[in-house]
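Below, chain A is the first sequence line, B the second, and so on; all start at residue 1. For the numbers below, each heavy atom of this structure counts, side chains included, while hydrogens, waters and symmetry mates do not.
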Number of protein chains: 2
Amino acid sequence: MDVRVTVDIVIFTILKGRLKVLLIRRGIPPFKGEWAIPGGFVLESESLDQAARRELAEETGVTDVFLEQLYTFGDPDRDPRARVITVSYYALITSDRALNAGTDAAEARWFSADRPPRLAFDHSSILRTARRRLEGKLEYTDVGFQLLPPAFTLTELQGVYEAILGRELDKRNFRRKILQTGLLVELSEKKRIGPQRPAQLYGFSPRSA
Amino acid sequence: MDVRVTVDIVIFTILKGRLKVLLIRRGIPPFKGEWAIPGGFVLESESLDQAARRELAEETGVTDVFLEQLYTFGDPDRDPRARVITVSYYALITSDRALNAGTDAAEARWFSADRPPRLAFDHSSILRTARRRLEGKLEYTDVGFQLLPPAFTLTELQGVYEAILGRELDKRNFRRKILQTGLLVELSEKKRIGPQRPAQLYGFSPRSA
DNA sequence: CCAAAAGTGTTGGTTTTACACCCATGG
DNA sequence: CCATGGGTGTAAAACCAACACTTTTGG
């Protein structure tokens, strides 16, 4: 049987200390006017990963970001028009680059990842799946760093973890644990942004260091 | 673009204390005569999960087993004939039911999951992905129990863990840890199979017990 | 009585959690 | 000098890893 195949990409970022997801408003039926996860059809000559990167670039203008396949959704009636299965992905983009996204022609906005609006198709399931995966991977991978610019403070990093986990963490324990992974390098600059002690900046050290 | 969609199922079991995978020999080109992971096309009216369960039943005769979606492979040239993407799954079947599988018309055999033969298409990647997923899930889920019949001894369970992890475990530590999960219930019978002390049989207690 | 696998506790080291005060700066 | 967020250590509890002998049975 021949079917149409799309990729849909759950794009996360952190804004104002909250986990956000990028949604676009559909301009055509079905689900016209409703919010949806960005995506599109896989082209003849490209791999699934390439299709996802292309769509991500089209939607946000960003390249070279964390992108990982999530799950494939293929219920026969998930699209009322035809048999369409979608290979979902999730991407993490840094807060500094996030602001440029969602300013394109199509209406696009950042929404709370925890209280999203009603979504088209089965996109609520896709988002929930992405949310769970991100939370799960936070503790045993370095995904958390992918949401911050190249130089960041430990307080900012802790904010990312708290936004994803949805609970507060102990400052001293967090710092000890994250530093002893050896994944962070202390940069020579400090961040001074107000009437307070300047914060040490850190960078993400290359993997097998 | 329209593509063909298949499901491929990596079917694991434990035989003689070793992790095995079921492979079938291809009767038609391409890759005629080579070993491959069982699978087939998704039908018009079925979901991906249903397709996987159907193929699994056709291949092994078993139903009601652990089955989980793994990853979707879709490189443009992974099948030389046409654009075919495959949604891969992995399944775990208990050793007592494993023996009936692989005796059908098509040539099918159990192979070592760690030293499989050369495989058709990108099936080696699929198998590696499944192998990693299984190993990863062993420690934080109950997948290990899915490979044993309803009544089993702790030594048998430990054997499953050792086969998947590829290393030996300490008997006392293993027993303590597995028992304190609360997932096992002591059955009233014991297993007596030779000139030795009979072993207590355990069952898998329903989840939220 | 012997061979075979079943069963059982303790100790030392490591990891995790809980918790409160001083520091550096800008205004 | 004060308000703001940055930065630091310690003690108790939980968890993990290493390790050897006794028990029950069939033949």
Side-chain angles (χ1 to χ4, degrees), chain A residues 14-18 95 135-136 138-142 144-145 148-149 151-204, chain B residues 14-18 95 135-136 138-141 144-145 148-149 151-203:
Chain A
I14 302 276
L15 290 175
K16 303 210 193 97
R18 301 275 179 190
S95 40
E135 184 170 341
L138 192 64
E139 30 197 72
Y140 68 99
T141 71
D142 53 17
F145 306 169
L148 288 173
F152 50 85
T153 68
L154 292 184
T155 301
E156 288 165 347
L157 184 58
Q158 184 176 343
V160 168
Y161 275 70
E162 290 177 338
I164 295 174
L165 295 175
R167 63 190 156 91
E168 303 208 329
L169 301 173
D170 179 86
K171 181 159 59 159
R172 280 172 290 192
N173 294 339
F174 177 78
R175 284 167 184 241
R176 182 181 17 250
K177 187 143 87 168
I178 211 82
L179 286 174
Q180 81 187 13
T181 63
L183 292 171
L184 295 186
V185 286
E186 199 168 300
L187 303 180
S188 50
E189 313 110 84
K190 297 192 185 253
K191 178 173 197 172
R192 46 194 74 230
I193 39 118
Q196 69 224 211
R197 179 170 176 176
Q200 178 63 52
L201 285 169
Y202 288 84
F204 178 26
Chain B
I14 301 276
L15 290 176
K16 303 210 193 97
R18 302 274 179 189
S95 40
E135 184 170 342
L138 191 65
E139 27 196 75
Y140 68 97
T141 70
F145 306 169
L148 288 174
F152 50 85
T153 68
L154 291 184
T155 301
E156 288 165 346
L157 184 59
Q158 184 175 343
V160 168
Y161 275 70
E162 290 176 337
I164 294 174
L165 295 175
R167 65 192 156 88
E168 303 209 327
L169 301 173
D170 179 85
K171 181 158 61 157
R172 280 172 289 191
N173 293 340
F174 178 79
R175 285 168 183 241
R176 183 182 15 251
K177 187 143 87 169
I178 212 83
L179 286 175
Q180 80 187 15
T181 63
L183 291 171
L184 295 187
V185 284
E186 199 168 301
L187 302 181
S188 51
E189 312 109 86
K190 299 194 186 249
K191 179 172 197 170
R192 47 194 75 229
I193 38 125
Q196 70 226 213
R197 178 169 175 176
Q200 178 63 52
L201 285 168
Y202 288 84

Atom [atom1] of [X] and atom [atom2] of [N]: how far apart are they, to the nearest Å?
X	N	atom1	atom2	result
A:Q158	D:dT8	CD	C1'	14 Å
B:K177	D:dA17	NZ	P	6 Å
B:F174	D:dC15	CZ	P	18 Å
A:K171	D:dG6	NZ	P	6 Å
A:I193	C:dT25	CD1	C1'	11 Å
B:E186	C:dA6	CD	C1'	13 Å
A:E168	D:dG5	CD	P	14 Å
A:Q200	C:dA24	CD	C1'	13 Å

Is there a side-chain polar atom (N or O) of [X] under 4.0 Å from OP1 or OP2 of [N]?
X	N	value
A:R172	C:dA18	no
B:T155	C:dA6	yes
B:R175	C:dG7	yes

Review point. Does any N or O donor sit under 3.5 Å from an N or O acceptor when you compare the side chain of B:R197 with the base of C:dT8?
Key: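 Side chain to base: no pair below 3.5 Å.
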**Study point:** Whether over 12 other heavy atoms sit under 6.0 Å from B:R175 CZ
**Key:**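 Yes, because the 6.0 Å sphere around CZ of B:R175 holds more than 12 heavy atoms from other groups.
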**Study point:** Nearest-0.5 Å distance that lies between atom CD1 in B:I178 and atom CD in B:Q158
**Key:**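 Rounded to the nearest 0.5 Å, the CD1-CD separation comes out at 9.5 Å.
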Review point. With nearest nucleotides of DNA chain D determined for A:A199 and A:R176 from heavy-atom distances, which residue corresponds to the more 5′ nucleotide?
Key: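 That would be A:A199.
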Point to revise | Sole residue of A:L157, A:L179, A:T155 in side-chain contact (heavy atoms from CB on, under 4.5 Å) with A:F174 | key: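 Only one option passes, and that is A:L157.
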Practice item. May I ask you to decide if A:Q200's main-chain N or O and A:E186's side chain share a donor-acceptor pair within less than 3.5 Å? Key: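 No.
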**Study point:** Side-chain donor or acceptor of A:D142 paired with backbone N/O of A:F145 under 3.5 Å
**Key:**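 Judged by distance alone, no pair lies under 3.5 Å.
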**Study point:** From C:dT25, D:dG6, D:dC19, nucleotide with atom closest to B:N173 side chain
**Key:**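 Of all the options, the side chain of B:N173 is nearest to D:dC19.
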Review point. Taking for each residue the nucleotide of DNA chain C bearing the nearest heavy atom, is the 5' side occupied by A:R192 or by A:Q180?
Key: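 The answer here is A:Q180.
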